[in-house]
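To start, the structure itself, in structure tokens.
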Amino acid sequence: MSLIAAITGIMSGVVNPVIDVLKSAGVIKDPETEAKIKISLMEASMKAQDQLIEFIKATEPESLYTPKWVNGLRASVRPGVAWLAFLVYSMTSFWMLHANLLSPELFYSQYGTLVGMALAFYFGGRPYEKNK
């Protein structure tokens with residue numbers, strides 16, 4: 001649903017620049033025409049938003065009719081991919097450090113940054129999202 005809000009915000013933010021361009025091009029000459037064009041642009045924006053909502057509803061499986069293990073699998077994909085990438089990077093970095101292909105200073109600077117980012121993403125983002 002945050003995607004819908006972002007797209008709606010982008011589309012409504014485009015209305016005034018479009019109006020300004022049309023004014024400077026001489027297409028809009030009076031306030032009545034400007035109001036009509038604004039209304040039609042906003043209606044187009046709302047129609048696009050409705051189409052996006054319908055698309056999401058059509059492609060999103062109903063959780064009531066989906067087995068719990070499928071919902072669990074769906075929910076674990078993003079964290080699973082993130083942890084897999086984290087583990088692969090960690091193992092590669094440790095191997096490079098052990099094989100003297102990577103200096104300890106560079107290892108700790110890169111690895112510390114990665115660990116900090118992972119911790120901030122998983123534990124820092126949740127309170128932020130809850131407070132919104």
Side-chain angles (χ1 to χ4, degrees):
M1 288 298 160
S2 61
L3 175 67
I4 295 169
I7 290 174
T8 304
I10 290 169
M11 292 180 80
S12 63
V14 169
V15 171
N16 287 331
V18 168
I19 295 293
D20 293 341
V21 168
L22 292 175
K23 279 183 184 177
S24 65
V27 176
I28 298 176
K29 296 181 180 168
D30 57 0
E32 290 176 13
T33 307
E34 180 180 347
K36 286 179 185 177
I37 291 175
K38 272 188 181 181
I39 289 171
S40 65
L41 287 172
M42 292 307 284
E43 285 174 351
S45 173
M46 289 189 301
K47 185 177 178 183
Q49 179 183 356
D50 290 341
Q51 289 173 344
L52 181 62
I53 289 170
E54 291 302 318
F55 173 76
I56 289 172
K57 285 181 181 177
T59 57
E60 190 76 16
E62 291 289 331
S63 61
L64 296 174
Y65 305 113
T66 308
K68 286 188 177 189
W69 70 271
V70 172
N71 285 333
L73 181 65
R74 251 182 91 211
S76 66
V77 168
R78 188 183 305 178
V81 169
W83 283 110
L84 178 66
F86 179 76
L87 290 174
V88 167
Y89 182 82
S90 298
M91 291 175 12
T92 304
S93 296
F94 279 117
W95 173 78
M96 289 178 70
L97 181 67
H98 180 69
N100 291 328
L101 299 172
L102 187 65
S103 69
E105 296 84 15
L106 186 60
F107 168 77
Y108 286 114
S109 68
Q110 290 181 350
Y111 194 71
T113 303
L114 178 70
V115 170
M117 287 172 32
L119 290 173
F121 175 73
Y122 279 104
F123 300 109
R126 289 182 181 153
Y128 175 74
E129 289 294 323
K130 287 181 183 178
N131 289 332
K132 272 179 137 181

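Any value given below was found using the heavy atoms of this structure, including those in side chains, with hydrogens, waters and symmetry copies removed.
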Worksheet item: CG of D30 to NZ of K36: how many Å apart, nearest 0.5 Å?
Response: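 The CG atom of D30 sits 8.0 Å away from the NZ atom of K36.
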Is there a chain of hydrophobic side chains (I, L, V, M, F, W, Y, each step under 4.5 Å between heavy atoms) that links [X] to [Y]?
X    : Y    : value
L106 : L101 : yes
V21  : L41  : no
M42  : V27  : yes

Item to complete: State, to 0.1 Å, how close L97 and L102 come at their nearest heavy-atom pair, and which atoms those are.
Response: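 For L97 and L102, the tightest heavy-atom pair comes out as CD1-O, 3.5 Å.
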Worksheet item: Which atoms form the tightest heavy-atom contact between S40 and I37, and what is the distance?
Response: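 For S40 versus I37, the nearest heavy atoms are OG-O, 2.9 Å.
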Practice prompt. Mark yes when over 12 heavy atoms from residues, nucleotides or ligands other than Y108 sit less than 6.0 Å from its OH; otherwise mark no.
Written response: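 No.
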Practice prompt. Kindly determine whether E54 and D50 satisfy side-chain contact (heavy atoms from CB on, under 4.5 Å), including the steps that lead there.
Written response: CA-CA 6 Å; E54 291 302 318; D50 290 341; 5.5 Å; no
Practice prompt. Applying side chain to side chain contact (heavy atoms under 4.5 Å, CB included), name anything that partners T92, two or more places apart in sequence or on another chain.
Written response: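 T92: side chain to side chain contact (heavy atoms under 4.5 Å, CB included) contacts with V88, M96.
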Worksheet item: Would you say S93's side chain and Y89's backbone share a donor-acceptor pair under 3.5 angstrom?
Response: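 Such a contact is found between S93 side chain and Y89 backbone.
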Fill in: Lys/Arg N to Asp/Glu carboxylate O, K38 vs E34, below 4.0 Å
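Salt bridge: yes.
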